[in-house]
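As structure tokens, the structure follows; a few thoughts come after it.
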Protein chains: 2
Amino acid sequence: MEGRLYIVGVGPGHQDHMTFRAKQAIEESDTIIGYETYVGLVRGLIEGKEIHRYAMTQEVERAQQCIDLARSGRTVSLVSSGDPGIYGMAGLIYETLAEQGWDPASGMHVEVIPGVSALSSCASIVGSPLMTDFAVVSMSDLMVPWEIIAKRVEAAAIGDFVTVIYNPASKKRVRQLAEARKILLKHRKPSTPVAIIKGAYRDAQSVVMTDLGSLEEHAEMLGMTCTVIVGNSSTYSYRDLMINPRGYKSKYTLGTSPGNP
Amino acid sequence: MEGRLYIVGVGPGHQDHMTFRAKQAIEESDTIIGYETYVGLVRGLIEGKEIHRYAMTQEVERAQQCIDLARSGRTVSLVSSGDPGIYGMAGLIYETLAEQGWDPASGMHVEVIPGVSALSSCASIVGSPLMTDFAVVSMSDLMVPWEIIAKRVEAAAIGDFVTVIYNPASKKRVRQLAEARKILLKHRKPSTPVAIIKGAYRDAQSVVMTDLGSLEEHAEMLGMTCTVIVGNSSTYSYRDLMINPRGYKSKYTLGTSPGNP
């Protein structure tokens, strides 16, 4: 009998921000697979289970192993932080299954359990930057040619999208964010608010509020657990917050309450 | 003494997909505010609390009332579905507070509690469409002029972003999605996969997989609880799923495992 495969998002990293469904799926599983760091995030839930830890560069093998283990009758949770449906493992699992002729209707049960994504958790920490249309772009050119990424940054800038940047830099890869900043500066003011959020809701969380002009001064804090949110033409700073109004001023009026003349 | 204000996202609507933190905040609160529908989603958690239900068009008054109630010493949860940080009430609360000179450091405690957003929940139901860069655009022109929305759709199309469309239509507003489709078709094939997700994870959930060419045939199902996901040039359909590969084929190889020659 075939087992079950759960692709589980555990949210930003603190168990408070995990969903009930994610916890339930992990508890129901006999086998847990994930990056070392992600497995660590759920260590309180997985005692006594078979645990497979992976390094960062073995995604294709990991997807295949998850499928093989579930096919052998196990209940498997592939865990990751944030939401596995956003730049996560859901894609590689479905790609592999599709290549092998899997039938969702009659074949093994596969379920993506969404989590609070990095874009949601990071936005919640810095104010309300995502009240308007936004674009999400990853700076990683491991899987996508840089020319395509650059074209997307330009399109996001032209469309005046608030721009959420995933994977802004790694130890070996720092040039991309600097180039993206140059492209954005062709269309946005240097005073455009920018937030850098590192390790959202984890013990070592740190946040820097800066602007597009000064972003390069913070290059040393950028890394794989960082997300960068670049405001659009409507974004403003208020104390340590980054706020996007919910629409154009002509379309609504604040302060209609008697308490706020 | 001032109270506390929680802006709580309860996720797509089924309590399984709520976070522990959201439940905790609601339980801790003595006062619950929200749209009728959203309050209904958490009815099991709010017995004995003071409950304020709102209609759809009173957001400014609602924001002010939340602030007033919290200032009077109450612990208030403003509840909404999905993530309040994405086109949600977080913005109007911070805008109003900023206008009134609130100081996050010394003033009333305000906390945005992120939830599983509609984009995450809808993507998880239809496969893995968000494995690549994506743009999120709302079709509602109540607060934003249509010309700006149209420009954004065009930019998303030019940038080859997977495009997530919020608020695709309402009873009175159907023209916008038809126009967006026309703009997208200038840059994408009619065979581009499109998913329409209605009431994700609710009892009445319904999903239609179609393509950009045939989208108009499904106009009757579109409404305010719908999200539409339009693929990009890499998106493919596999049975009832919409899959985006995690990168460009030249950049990785599937099937390196011995089990998949």
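Lettering of chains follows the sequences in order, A, B, ..., and the numbering in each one begins at 1. Note that the coordinates shown come from a computational prediction; the quantities given were computed from them, not determined experimentally.
- Taking chain A as the reference chain and counting heavy-atom pairs below 4.5 Å, the highest number among B:Glu59, B:Glu111, B:His14 is found for B:Glu59.
- Using a 4.5 Å cut-off between heavy atoms, A:Tyr201 contacts chain B through its side chain alone, with no backbone atom that close.
- Using a 4.5 Å cut-off between heavy atoms, A:Ala156 touches chain B through backbone and side chain atoms alike.
- If you measure heavy-atom distances from A:Tyr94 to chain B, the contacts under 4.5 Å come from both the backbone and the side chain.
- With chain B as partner, the option from A:Ala22, A:Gly159, A:Pro114, A:Gly127 having the largest number of non-hydrogen pairs under 4.5 angstrom is A:Pro114.
- Not less than 6.0 angstrom separates the ring centroid of A:Phe161 from the ring centroid of A:Phe134.
- If you measure heavy-atom distances from B:Leu97 to chain A, the contacts under 4.5 Å come from the backbone alone.
- Under a 4.0 Å N-O distance rule, the pair B:Arg74/B:Glu2 does not qualify as a salt bridge.
- For A:Ile243, the part lying under 4.5 angstrom from a heavy atom of chain B is the side chain only.
- In this structure the side chain of A:Val162 reaches within 4.5 angstrom of the side chain of A:Ile229, judged on heavy atoms.
- The shortest heavy-atom contact between A:Ile113 and A:Ala25 is CD1-CB, 3.4 Å.
- Considering all non-hydrogen atoms of both residues, B:Trp102 and B:Met108 come closest at NE1-O, 3.1 Å.
- For A:Gln24, the part sitting under 4.5 Å from any heavy atom of chain B is the side chain, from C-beta outward, and nothing else.
- With chain A as the partner, the residue from B:Gly88, B:Ala63, B:Gly9 showing the most heavy-atom pairs under 4.5 Å is B:Gly88.
- Contacts between A:Ile67 and chain B at a heavy-atom distance below 4.5 Å are absent for every atom of the residue.
- Most heavy-atom pairs under 4.5 Å with chain A: of the set B:Gly11, B:Ala123, B:Pro104, B:Ala105, this distinction falls to B:Pro104.
- Highest contact tally toward chain B, considering only A:Ile158, A:Asp16, A:Asp133, A:Thr19, is held by A:Asp133 [criterion: heavy-atom pairs under 4.5 Å].
- With a 4.5 Å cut-off on non-hydrogen atoms, B:Leu241 touches chain A through its side chain but not through its backbone.
- Listed here is the closest heavy atom pair of B:Ser120 and A:Gly115: OG-O, 4.0 Å.
- Heavy-atom minimum distance, B:Leu41 versus B:Gln15: O-NE2, 3.5 Å.
- For the residue pair A:Met242 and A:Met209, the shortest heavy atom distance occurs at CB-CE, 3.6 Å.
- Only the backbone of A:Pro84 comes within contact range of chain B, judged by heavy atoms closer than 4.5 Å.
- Interface check for chain A: of the options B:Ala155, B:Ala135, B:Ser140, B:Ser124, the most heavy-atom pairs under 4.5 Å are formed by B:Ser124.
- Heavy atoms only, all atoms of each residue included: B:Val112 and B:Ala90 are closest at CG2-CB, 3.9 Å.
- A salt bridge does not link A:Lys151 to A:Glu147: none of the charged side-chain nitrogens sits closer than 4.0 Å to a carboxylate oxygen.
- When each of A:Asn244, A:Asp83, A:Asp103, A:Ile7 is scored by its heavy-atom pairs under 4.5 Å with chain B, the top score falls to A:Asp103.
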